[in-house]
Amino acid sequence: MEDKNFAFDRMNYILLAVGMAVVIIGFLLMSGGGSTDTAYDPDIFSARRIKVAPLVCLAGFLSMVYAVVRKPKD
């Protein structure tokens, strides 16, 4: 049987999955109700939606980039 050299190893896939989970958590933090034509909801400008959630998403995307460029150990 041949020894195949794959671009990713198991750790790369684990890091990709963790990064995707962090991005999903960031998008969930951004979600919520919004304002309508008749009612104003000041929660759309909360720190969770404007500061925390985008930083969580950015961290997730950066960890996914690291998982892609990480070189597997032979």
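Numbers for residues simply follow the sequence, beginning at 1. As the structure is a prediction and not an experimental result, all values here were calculated from the model.
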Should Asn12 and Val68 count as side-chain neighbours, where that means a heavy-atom distance under 4.5 Å? no
Interatomic distance, OG@Ser31 vs CZ@Arg49, rounded to 0.5 Å, equals 7.0 Å
Please collect all salt bridge (Lys or Arg N to Asp or Glu O under 4.0 Å) contacts where either partner lies in residues 6-32, sequence neighbours excluded, each pair once. Asp9-Arg70
Are Phe61 and Tyr13 grouped together when hydrophobic residues (ILVMFWY) are joined by side-chain heavy atoms under 4.5 angstrom apart? yes
So if I apply the side chain to side chain contact (heavy atoms under 4.5 Å, CB included) rule between Phe27 and each of Ile25, Leu29, Val23, which one comes out positive? Val23
Same hydrophobic cluster for Met20 and Leu16, using side-chain heavy-atom links shorter than 4.5 Å among ILVMFWY? yes
Should the pair Phe45 and Tyr40 be assigned to parallel (<30°), tilted (30 to 60°) or perpendicular (>60°) ring geometry? tilted
For atom CZ of Phe8, is the number of surrounding heavy atoms from other residues, nucleotides or ligands below 6.0 Å larger than 12? yes
Of the non-hydrogen atoms in Ala53 and Gly26, which two are nearest, and what is the gap between them? CB-O, 3.4 Å
Measure across Met30 and Cys57 and return the closest heavy-atom pair with its distance rounded to 0.1 Å. CE-SG, 3.6 Å
Report yes or no: do Leu28 and Met64 belong to one cluster of Ile/Leu/Val/Met/Phe/Trp/Tyr joined by side chain heavy-atom distances under 4.5 Å? yes
Nearest heavy atoms of Gly19 and Ser63, plus distance in Å: CA-OG, 3.2 Å
Which pairs, with at least one residue in residues 52-69 and sequence neighbours excluded, count as a salt bridge (Lys or Arg N to Asp or Glu O under 4.0 Å)? none
